[in-house]
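The model shown is predicted, which means the values in this text are computed figures rather than measured ones. To find a chain, count down the sequence lines: A is the first, B the second, and so on, and within it residues start at 1.
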Number of protein chains: 2
Amino acid sequence: MDKRYLRSIRLLSECMQLFEQASARKVRQFGLTHSQFDIIATLGNTPGMTCKELGERTLMTKGTLTGVLDRLEEKRLIQRERGADDRRQLFVRLSNSGEQTFAEVFPQVVENGKQRFTSYTADDYQTLEDALLKLKQHLEQDQR
Amino acid sequence: MDKRYLRSIRLLSECMQLFEQASARKVRQFGLTHSQFDIIATLGNTPGMTCKELGERTLMTKGTLTGVLDRLEEKRLIQRERGADDRRQLFVRLSNSGEQTFAEVFPQVVENGKQRFTSYTADDYQTLEDALLKLKQHLEQDQR
DNA sequence: TATTGTTATACTCTATAACTATA
DNA sequence: TATAGTTATAGAGTATAACAATA
């Protein structure tokens with residue numbers, strides 16, 4: 001089973017690389033890094049969230065997050081507000097300009113990939129989703 | 001079709017994240033970065049290759065590659081040799097110690113993931129492979 | 001004492017452009 | 001002139017540990 005496992009993993013990695021390569025190009029055209037786009041995409045369509053939650057969702061450690069948020073704040077794409085109830089917390093949300101960027105970049109990154117899927121049928125999607133969902137469930141199994 | 005496309009891409013990205021999270025942990029236990037492991041895995045089981053080819057396979061630009069190779073050479077994991085026919089080229093290959101690291105780390109990174117797939121049947125693998133292969137072919141379509 | 005987030009540190013990756021040496 | 005790889009530069013992400021403010 002070794003070979004099959006390796007082949008699947010290699011395929012998964014190749015697909016991801018292809019997708020990221022294309023989307024990274026788009027993202028960079030807007031002067032954003034992958035991490036910065038990750039934050040913006042996570043904050044998009046939300047009322048904002050704490051740094052803690054943002055870190056958990058994007059898998060960045062708090063120290064890293066501070067730096068990325070600093071750069072986004074310099075670009076006036078996000079705002080940080082001290083929490084009203086728990087004053088240790090910072091609430092991070094997109095600024096108006098950030099919302100605008102999200103509304104502009106996100107669909108383009110998506111569209112950029114989507115163009116290639118005009119020939120995908122409902123069945124094709126279903127098969128892909130089923131296979132990936134099963135894979136995900138296996139990958140999620142906890143390990144020491 | 002927008003929703004289905006997004007759902008598939010999100011699944012793909014989640015799978016990749018889960019896999020990379022687990023393997024990154026293993027890789028770091030060996031004191032390697034993702035890029036360094038990428039080089040070692042690419043050089044493993046080959047007689048070596050030029051920097052140019054290595055850059056193409058790992059998608060690193062030549063400037064970046066030089067730095068990563070420098071660090072691997074400091075760790076005595078690779079060797080660089082001036083090409084005999086074309087003296088502009090550098091031939092990069094794993095050192096004995098590098099081969100050993102490859103033989104040790106690679107299976108562990110693989111095994112680390114593989115454990116979770118004991119319940120995958122031949123059919124499961126086939127379905128996953130087919131779906132990913134189709135996805136890959138679509139992602140490979142050239143775009144401006 | 002524990003938690004949230006920042007700061008400081010040190011390293012690595014990254015792209016780009018100028019450079020060296022070979023072809 | 002063109003190509004293979006290095007060097008220099010500047011910016012960004014990363015983990016970690018020490019820290020301040022708040023709970």
Side-chain angles (χ1 to χ4, degrees), chain A residues 17 20-43 48-75 77-93, chain B residues 17 20-43 48-75 77-93:
Chain A
Q17 210 172 36
E20 286 195 335
Q21 220 180 327
S23 72
R25 213 182 313 143
K26 263 292 165 216
V27 165
R28 239 179 298 117
Q29 283 174 13
F30 284 86
L32 296 173
T33 65
H34 183 279
S35 299
Q36 287 167 10
F37 177 70
D38 201 9
I39 300 279
I40 290 189
T42 304
L43 288 175
M49 61 190 76
T50 62
C51 288
K52 183 177 161 60
E53 188 175 351
L54 201 47
E56 281 162 3
R57 293 223 202 170
T58 58
L59 296 180
M60 296 181 203
T61 56
K62 52 189 183 177
T64 302
L65 192 59
T66 297
V68 178
L69 291 178
D70 283 348
R71 280 170 287 264
L72 284 172
E73 199 171 35
E74 269 171 34
K75 293 180 188 168
L77 296 177
I78 60 152
Q79 290 168 344
R80 286 188 264 208
E81 271 172 42
R82 193 56 65 178
D85 41 335
D86 184 339
R87 292 193 52 72
R88 288 173 305 182
Q89 297 184 330
L90 273 185
F91 228 73
V92 186
R93 67 173 52 126
Chain B
Q17 211 172 38
E20 286 195 335
Q21 220 181 328
S23 71
R25 215 181 312 143
K26 262 290 166 217
V27 165
R28 239 179 299 115
Q29 284 174 12
F30 283 86
L32 297 172
T33 66
H34 183 278
S35 298
Q36 290 167 7
F37 177 71
D38 202 7
I39 300 280
I40 290 188
T42 304
L43 288 176
M49 62 191 75
T50 62
C51 287
K52 185 177 159 57
E53 188 177 350
L54 201 48
E56 281 162 1
R57 294 222 203 168
T58 58
L59 297 179
M60 295 182 203
T61 57
K62 51 188 183 179
T64 301
L65 191 59
T66 297
V68 179
L69 291 179
D70 283 349
R71 266 152 253 144
L72 284 172
E73 200 171 33
E74 269 170 33
K75 293 180 188 169
L77 296 177
I78 59 151
Q79 288 168 346
R80 287 188 263 208
E81 272 173 39
R82 191 57 67 180
D85 41 334
D86 185 337
R87 294 192 50 72
R88 288 173 305 183
Q89 296 183 330
L90 273 186
F91 229 73
V92 187
R93 67 171 52 124

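In terms of heavy-atom proximity, A:M49 sits nearest to A:L43 at CG-CD2, 4.0 Å.
In this entry the distance linking CD of B:Q29 with C1' of D:dA15 reads 15 Å, nearest Å. Rounded to a whole Å, the CZ atom of A:R71 is 7 Å from the C1' atom of D:dG13. When the C1' atom of D:dG11 is taken as reference, atom CD of A:E74 falls 11 Å away, rounded to whole Å. The interatomic distance linking B:D86 (CG) with D:dT3 (P) rounds to 12 Å, in whole Å. In this entry the distance linking CG of B:L32 with C1' of D:dT14 reads 16 Å, nearest Å. Rounded to whole Å, the distance from CZ on A:F37 to P on D:dA12 is 18 Å. To the nearest angstrom, C1' of D:dA15 lies 17 Å from NE2 of B:H34. Taking atom CD on B:E81 and atom P on D:dG5, their separation rounds to 14 Å, with Å as the unit.
A sub-4.0 Å separation between OP1 or OP2 of D:dG13 and a side-chain N or O of A:T33 is present. Side-chain N/O atoms of B:T61 include one lying less than 4.0 angstrom from OP1 or OP2 on C:dA15.
Remark: A:T50 pairs with A:K52, A:E53, A:Q89, A:F91 by the side-chain contact (heavy atoms from CB on, under 4.5 Å) rule, at least two apart or across chains.
Residue B:D38 is classed as having no contact, given no heavy-atom separation below 4.0 Å to the nucleic acid.
When atom types are taken as modelled, the side chain of A:R82 and the backbone of A:R87 share a donor-acceptor pair closer than 3.5 angstrom. Proximity of a side-chain donor or acceptor of A:T42 to a complementary backbone N or O of A:D38 within less than 3.5 Å is detected. The backbone N or O of A:I78 lies less than 3.5 Å from no partner atom in the side chain of A:R93, so there is not a single donor-acceptor pair.
Residue B:R87 places its side chain closer to C:dA23 than to any other of C:dA23, D:dA23, D:dG13.
Looking at which nucleotide of DNA chain C each of A:R28 and B:K75 is closest to, the 5′-most match is held by B:K75. With the nearest nucleotide of DNA chain D identified for both A:A84 and A:Q36, A:Q36 has the one nearer the 5' end. Projected onto DNA chain D by closest heavy-atom contact, A:D85 and A:L59 fall at different nucleotides, the more 5' of which corresponds to A:L59.
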Please produce a list of atom pairs where a protein N or O lies less than 3.5 Å from an N or O of nucleotides 5-9 of chain C.
unit_1: C:dG5; atom_1: OP1; unit_2: A:C51; atom_2: N; d: 3.3
unit_1: C:dG5; atom_1: OP1; unit_2: A:L90; atom_2: N; d: 2.9
unit_1: C:dG5; atom_1: OP1; unit_2: A:L90; atom_2: O; d: 3.3
unit_1: C:dG5; atom_1: OP2; unit_2: A:K52; atom_2: N; d: 2.7
unit_1: C:dG5; atom_1: N7; unit_2: A:K62; atom_2: NZ; d: 3.3
unit_1: C:dG5; atom_1: O6; unit_2: A:K62; atom_2: NZ; d: 3.2
unit_1: C:dT6; atom_1: OP1; unit_2: A:R80; atom_2: NH1; d: 3.2
unit_1: C:dT6; atom_1: OP2; unit_2: A:T66; atom_2: OG1; d: 2.8

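Residues A:K75 and A:D70 are not paired through a salt bridge, judged by the lack of any N-O separation under 4.0 Å between the basic side chain and the carboxylate.
A:V27 is not listed as a side-chain neighbour of A:H34, based on a closest heavy-atom distance of 4.5 Å or more.
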